[in-house]
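Counting starts at 1 for both ligands and their atoms, in listed order.
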Amino acid sequence: MEKTLTRYIFVTGGVASSLGKGILASSLAKLLQASGYRITIQKFDPYINVDPGTLNPYEHGECYVTDDGAETDLDLGHYERFLNQPTSQMNNVTTGAVYQSVINKERHGDFLGKTVQVIPHITDEIKSRFTKLAESGNFDIVITEIGGTVGDIESTPFVEAVRQFKWELGPENCIVIHLTLIPFLKSAGELKTKPTQHSVRVLQEHGIQPDILVCRAEHALTKDIRAKIAQFCNVTTDSVIEAIDVDTIYEVPLKMKAENLDRVVLFKLKLMARQDPELTDWKKFIQKLKTPVSEVSIALIGKYTELPDAYKSIQESFTHASAENECKVNVDYISSEYINSNNVSEKLQKYHGILVAPGFGDRGIEGKVTSIQYVRENKIPFFGICLGMQCAVIEFARHVLNLSKAHSTEFDPDTEYPVIDLMEEQTRIINKGGTMRLGSYPCDLSPDSKTFKIYQQKSIAERHRHRFEFNNKYRDDFNKAGFRSVGLNSKSDLVEIMELKKHPWFIGTQFHPELKSTVAKPHPLFVDFVGAAIAYAKS
Ligand code: GLN
C-alpha cells in the first residue's frame, strides 16, 4: 500500500462492552480538531445487518440518520455532536455491508477462478473502507471505532484487517488505542488490572500491540498501577490513560486533555501539536450546564422508554438546550401504553413541557393521542417529532374537526378519515431496508409563524425517516381551524411542520430536529421549547 499523508487511529474495546468507545473517539477527535487538525470518525460494526435501519431500538438503541440518508449507529450522533460536522453513509460500515459488496463482486465475476475467502477478500474490502473517507483529501486524521469487544468471533475479520493495515502503513501512520476496564473490588479495596492484561493479550494474540491504553475506572489510577499496567501490557507509562467516570459525557475531552491523550497520540504519529486545543467555548458550555439558574421537567412520551439509548439524540438535544437556557432539564421517560383519559392529568400535570417521540407500530398510540389532547387543552408546551406530529394531527382531527375515527393508515388501513397516509412513492415499495423517506430535505417556513421566528430564516433543511405523511386533502380544514401547516417542501408540497395558533407552544415536525443539535449549535427548536417550558413553570 502507498504511503499516505493521512494518519489512522483505531479504537478497540476489551473486558466489557459499553465502556464508551464512541465517546472516547469523539473526545479525542474534539481535542485534535481543536488543535487545528481536519478529522473524521467512522464506525465499523460487526453485525450482519447491512445497516441498523431494520433493528428494533431495544436491540441497538436509536438509529441515527445522516444528511445523505444513511441509517446508522447512534455513535455517529456523538461524532456529529462533538465535532459539529456532518457524517455520511461512508462513516458507518457493517459486516453485512462488507459481505454484500464482496458477494456482489463475486457474482459480477471480479474474482473469476479464485476461491473467495475471509482473508484476503473480506479483509481487503474492510481495508479499502478504512481509507475511503480520506480519499477526498479532506482529512489529516481518520479515527475508526471498531464495534464490539476484541475476542468476539464476529469482530475478528475487522481486527485482522487492522493488523494488516497497521503493518502496511507503519507505526508512525497508524496507531491502536485500546479501551479497557479497571474494576474496583470492594472486598479487596483494590483496583484490579488483570482483566486489562488479559484483554491486551487477546489483542496481542491477533498480532496487534496496542499503542495506548485508555482505562475506564471508578477510582483514580495510582502511579504504581499505571506502571504495572504499562509493564504487563508492553506500553510506555505515559500511554496508560485514566478515564474516570464523569457527570456528563461532554467533560470527557477535558479529562482526556488533562491526561495528555492528544499529546501522546500526536507524538506517536510524529505530528506537531499545532496549537494548544482551543476549548474556550466547550468549557463555557460545560460551565453553563453545571450551574443552571432554573429547572424544568419534561415528559418524553414514547414506547421504548425502558432504554434511554432509544432516544439518545433527543436526550442530547435537551442537554444542549439546557446549557443554552442555563436551566436544568429533567427528562422523564413515560410509556404511552399506560396513559388513558382517566389517569392522564395525574400522570402529566407536574410537567412543564411534553414531547411525543418518534416511533413505529401501533403500541401506545392511543395514549399519545390522549396526552396530546390534554396538553393542547391545558396549554402546556408541546413538541411532537415525526410520529409525535402525526399523533397531534390525529388528535386535532378527532377532537376539533370532529372526524371521530380519524387515524393514520399505518394503524388503521381502512379508516374513514386517513389524515396521515402513506406517501405515494411508498405504496410500491416492498423491501423494508433503506426505503423510507430518508435524509435531508429542504423546507420553507411561513413568515408569520412561530417556527420562522425561532429559526430566524425562511429556508431550512432537516433530516427525515418515515413512510407516512400529513394527507394534503385535509390541509385547508386544518389551516382554517388554526392548526397550520407552516413548513412545506416546495417541490413535493409535503407538510413538514404543523403549528397550533392559539397555544403558547405547540409544534409538530415531520422531520427529526434532534439529529442536528450539536454542542456548538444547539437546535433552535429545542432551545425555544425549553424556553417555553421555563415560561410555563413561572406562570
Ligand atoms: N411510523 C411513522 C412513519 O413511518 C413515523 C416514523 C417516525 O416517527 N420516525 O411515518
Side-chain angles (χ1 to χ4, degrees), residues 51-58 60-67 69-72 74 77 300-305 307 309-315 317 333 335-337 354-369 371-372 382-395 397 406-413 415 418-441 443 462-472 474 485 487 489 492 494-498 507-516 525:
D51 63 42
T54 54
L55 289 174
N56 181 320
Y58 278 142
H60 203 63
E62 164 190 274
C63 173
Y64 188 77
V65 179
T66 56
D67 278 333
E71 295 180 285
T72 72
L74 60 77
L300 187 156
I301 301 182
K303 78 185 239 198
Y304 309 110
T305 45
L307 183 79
D309 266 6
Y311 302 113
K312 192 92 211 162
S313 294
I314 293 178
Q315 181 72 54
S317 301
Y333 291 68
S335 171
S336 56
E337 242 182 310
I354 309 286
L355 184 145
V356 175
F360 297 85
D362 63 359
R363 180 163 63 87
I365 290 293
E366 292 308 318
K368 288 181 180 170
V369 172
S371 307
I372 295 169
F382 165 76
F383 195 178
I385 297 182
C386 207
L387 180 62
M389 179 203 99
Q390 297 176 353
C391 288
V393 167
I394 295 166
E395 190 280 317
H407 223 318
S408 161
T409 50
E410 181 178 2
F411 314 120
D412 179 2
T415 173
V419 285
I420 302 293
D421 201 4
L422 200 59
M423 280 176 274
E424 174 60 26
E425 68 263 31
Q426 287 285 334
T427 51
R428 290 175 293 276
I429 287 174
I430 302 163
N431 282 350
K432 289 275 185 263
T435 56
M436 281 188 252
R437 184 177 183 224
L438 290 167
S440 181
Y441 285 90
C443 167
E462 294 280 4
R463 297 182 194 170
H464 292 249
R465 183 175 189 247
H466 54 104
R467 293 186 201 280
F468 293 80
E469 278 291 343
F470 182 86
N471 186 342
N472 275 335
Y474 296 91
S485 49
N489 179 302
S492 57
L494 293 174
V495 172
E496 314 286 40
I497 307 172
M498 295 291 289
I507 295 174
T509 63
Q510 187 56 77
F511 51 76
H512 292 259
E514 74 276 18
L515 301 176
K516 281 180 72 170
L525 283 175

Sidechain N-carboxylate O distance under 4.0 Å for E337, R363: yes
Residue-ligand contact H512/ligand 1, heavy atom below 4.0 Å: yes
Shortest protein heavy-atom distance from atom 2 (C) of ligand 1, along with the residue and atom involved: E410 OE1, 3.2 Å
Taking atom 10 (O) of ligand 1 as the reference point, the nearest protein heavy atom with its distance: F468 N, 2.8 Å
Worked verdict on D67 versus L515 for side chain to side chain contact (heavy atoms under 4.5 Å, CB included): CA-CA 9 Å; D67 278 333; L515 301 176; over 6 Å; no
Heavy atom of the protein closest to atom 4 (O) of ligand 1 (residue, atom name, distance): R467 N, 3.0 Å
Ligand 1 N/O within reach of G359 N/O, cut-off under 3.5 Å: yes
Which segment of E469 sits under 4.0 Å of ligand 1 when only heavy atoms are counted: neither
Exam field: side chain K303 to backbone F360, donor-acceptor pair closer than 3.5 Å: yes
Side chain to side chain contact (heavy atoms under 4.5 Å, CB included) partner of F383, chosen from I354, T509, V356, L300: T509
Heteroatom distance test (P358, ligand 1): nitrogen or oxygen, under 3.5 angstrom: no
Geometric N/O contact M436 with ligand 1, under 3.5 angstrom: no
Short N-O contact, R465 and E514, less than 4.0 angstrom: no
For S336 against G364, the heavy-atom pair lying closest together: OG-O, 2.9 Å
Nearest neighbour in protein (non-hydrogen) for atom 7 (C) of ligand 1: C386 SG, 3.0 Å
Ring geometry between Y304 and Y311 (parallel below 30°, tilted from 30 to 60°, perpendicular above 60°): tilted
Residue part near ligand 1, for R465, under 4.0 Å between non-hydrogen atoms: backbone
Heavy-atom gap Q390 to ligand 1 smaller than 4.0 Å: yes
Side chain to side chain contact (heavy atoms under 4.5 Å, CB included) assessment of Q510 paired with V495: CA-CA 8 Å; Q510 187 56 77; V495 172; over 6 Å; no
